[in-house]
Amino acid sequence: MNNKFWNHEDEAVELSLNWAKKRTVSGSDPKTTALSAETLRKIVGNTITEEGLGPKKALEIFENLNNATRSADDPMNFAYIPCAPTKASVAFDEVVSAANVFGGLWEGGAGAIFAENQVIDWMKKKLSWSDKAIGTFVAGGTYGNLSALACARDYKRKIWKKEGRYPNGRPEDGYKLIISEQTHSSVKTIAKVLDVELLIAKTDNMGRMTGQSVKNLIENYDGIFAVVASTGTTNTGIIDDLESISKICMKNNIWLHIDGAYGGAGILAPSIRDLYKGIENADSFIVDPHKWLFAPYDCCMLIYKNPENVFQTFSQHAEYLDGVDHSQINPSDMALHLSRRTRGLPLWYSLVTYGSKKYTEAIEVCLANAKKCAQAIKETEHLELILEPVLSIVVFKRKTWKKEDYEAWSHKLAIEGKILCLPSSIDGQTILRLAFLNPNTDIEKVIKIIVETTK
């Protein structure tokens with residue numbers, strides 16, 4: 001490498017890539033290792049100096065900092081929604097960084113965007129959507145949901161203005177968005193950003209939002225522009241009644257957005273495909289590959305069924321962009337972003353490497369593990385299964401335990417590096433929750449730990 005300005009280039013590259021290779025192939029553990037900022041400051045001191053510390057010292061400092069992080073990809077990590085990427089996708093993420101492609105515009109990133117679009121096309125078929133559907137990759141589910149709902153609001157505003165229902169396209173008392181009690185908390189934040197009011201649809205005895213609950217709100221409120229349905233809530237993995245909801249939305253010309261950040265990937269599994277009936281009628285859809293599609297952070301796939309209105313909402317116009325080629329679809333015209341790394345490529349590379357059949361098998365393994373764990377819990381006397389798992393999340397409780405008992409148990413096993421299972425709650429009741437998203441998990445080992453350490 002011949003660089004006249006920057007020093008340490010060769011050494012920095014070699015040290016960094018060697019570290020990345022070692023970490024990629026070595027595995028991890030689920031220990032809880034977070035430290036306070038004060039403690040970390042004492043350990044590493046001031047890291048940014050006038051003259052620099054050199055790559056070797058910089059990497060040593062990072063090692064200390066990395067020891068204060070939790071491994072999201074360990075097979076015994078079941079907290080939140082884990083990230084369990086394939087080694088191929090992790091390795092290719094390094095290629096994506098090295099390629100340094102500007103992925104906002106076709107002109108600069110044509111080849112990389114073409115590869116990403118092949119993944120979009122693959123998912124479109126799984127949704128039973130037509131070829132005209134379009135999509136892109138954004139930073140995470142929040143950005144995906146925000147972009148889809150901004151588009152939905154613009155779409156409805158134009159319809160209302162054209163119909164003369166609201167002269168300026170905006171209801172006198174504001175736009176309204178229907179969600180359920182189980183909808184991800186980020187949607188509430190998005191509602192603030194978009195300046196829209198939330199209407200909470202009641203759920204049935206299975207925790208699902210239904211067409212009837214949506215219908216009840218439509219009949220009682222004006223200004224409803226969209227409904228957000230979930231295909232796998234993060235706390236329990238519940239899938240809303242998409243079929244009945246979609247029929248009501250179509251009848252009333254209301255945009256249906258599917259938040260499949262976690263559970264949208266379940267559409268690949270034949271054993272549960274029927275749970276997704278009605279998704280073919282939705283208007284937009286997201287799924288986070290860094291959740292259940294085995295890609296590294298951060299990545300959200302966003303797809304629109306109809307391109308109409310999408311470009312009008314997001315296309316950016318500036319003097320220095322006048323020369324942009326619009327004969328091809330630009331990712332910057334489909335979401336709230338301009339500068340963009342081609343974050344869909346690690347998923348593309350992994351799919352090309354292993355084949356989509358392997359992905360289906362991996363998701364089925366996670367579903368089977370959840371069922372095995374749930375059955376083992378039911379066979380004990382001291383544990384109680386709260387819900388039968390719909391997807392790959394198992395929620396249960398230890399009879400007679402109080403909140404502090406759950407916290408002490410969870411902390412002890414996390415510190416020991418045995419398992420990461422954090423307490424959660426349902427209707428104010430403290431419970432334990434396991435999210436199975438790693439096909440490499442040893443289910444018998446998990447069951448043994450859960451059953452024996454809670455006695």
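Counting begins at 1 with the first residue of the sequence. All figures in this text were calculated on a predicted structure; none of them were measured in a lab.
A donor and an acceptor atom, one from each side chain of Glu364 and Ser271, are located under 3.5 Å apart. Counted by atom type alone, Ser315 and Asp333 present one or more donor-acceptor pairs between their side chains at under 3.5 Å. The closest side-chain donor-acceptor pair between Ser350 and Thr353, if any, does not fall under 3.5 angstrom. Checking Ser424 against Asn235 by side-chain atom types alone, a donor-acceptor pair falls below 3.5 Å. Thr233 and Thr236 share a side-chain donor-acceptor pair at under 3.5 Å. Side-chain contact annotation: His257 with Asp283, donor-acceptor N/O pair under 3.5 Å absent. For the residue pair Thr313/Asp154, the side-chain donor-acceptor check at 3.5 Å is satisfied.
Side-chain contact between Val310 and Ile134 is present, with heavy atoms from C-beta onward closer than 4.5 Å. No side-chain heavy atom of Gln182 sits less than 4.5 Å from a side-chain heavy atom of Met209. Side chains of Val187 and Leu177 form a contact here, defined as non-hydrogen atoms less than 4.5 Å apart. Residues Phe285 and Leu256 are not in side-chain contact: their nearest non-hydrogen atoms beyond the backbone lie 4.5 Å or more apart. Within the 4.5 Å cutoff, the side chain of Ile238 has no heavy atoms near those of the Met206 side chain. Between Asp442 and Met76 the shortest side-chain heavy-atom distance does not fall below 4.5 Å. In this structure, the side chains of Lys397 and Ile386 come closer than 4.5 Å at one or more pairs of heavy atoms. Side-chain contact between Arg153 and Trp255: absent, with no pair of heavy atoms (C-beta onward) separated by less than 4.5 Å.
Of the residues Val138, Asn330, Leu105, Ile113, the one that meets the side-chain contact (heavy atoms from CB on, under 4.5 Å) test with Arg340 is Ile113.
Between the CG atom in Asn117 and the CH2 atom in Trp122 there is a gap of 14.5 Å [rounded to 0.5 Å]. Here the NZ-CD1 distance, from Lys124 to Ile303, works out to 7.5 Å after rounding to the nearest 0.5 Å. In this structure, Thr441 OG1 and Asn369 CG are separated by 6.5 Å, a value rounded to the nearest 0.5 Å.
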Would Thr454 and Trp409 count as a side chain to side chain donor-acceptor pair (under 3.5 Å) if you check the C-alpha gap in whole Å, the side-chain angles of each, and the deciding distance to 0.1 Å? CA-CA 8 Å; Thr454 54; Trp409 174 86; 5.6 Å; no
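Between Phe314 and Tyr304, the ring planes are tilted. Angles from 30° to 60° get that label. Note: Phe92 and Tyr349 have parallel aromatic rings, judged against thresholds of 30 and 60 degrees for the angle between ring planes.
In this structure, Ile393 and Pro389 approach most closely via the heavy-atom pair O-CB, 3.4 Å. The two residues Ile449 and Lys418 come nearest to each other via the heavy atoms CD1-O, 3.9 Å.
Within 6.0 Å of atom CD in Glu63, more than 12 heavy atoms from other residues, nucleotides or ligands are found, so the atom counts as buried in its surroundings.
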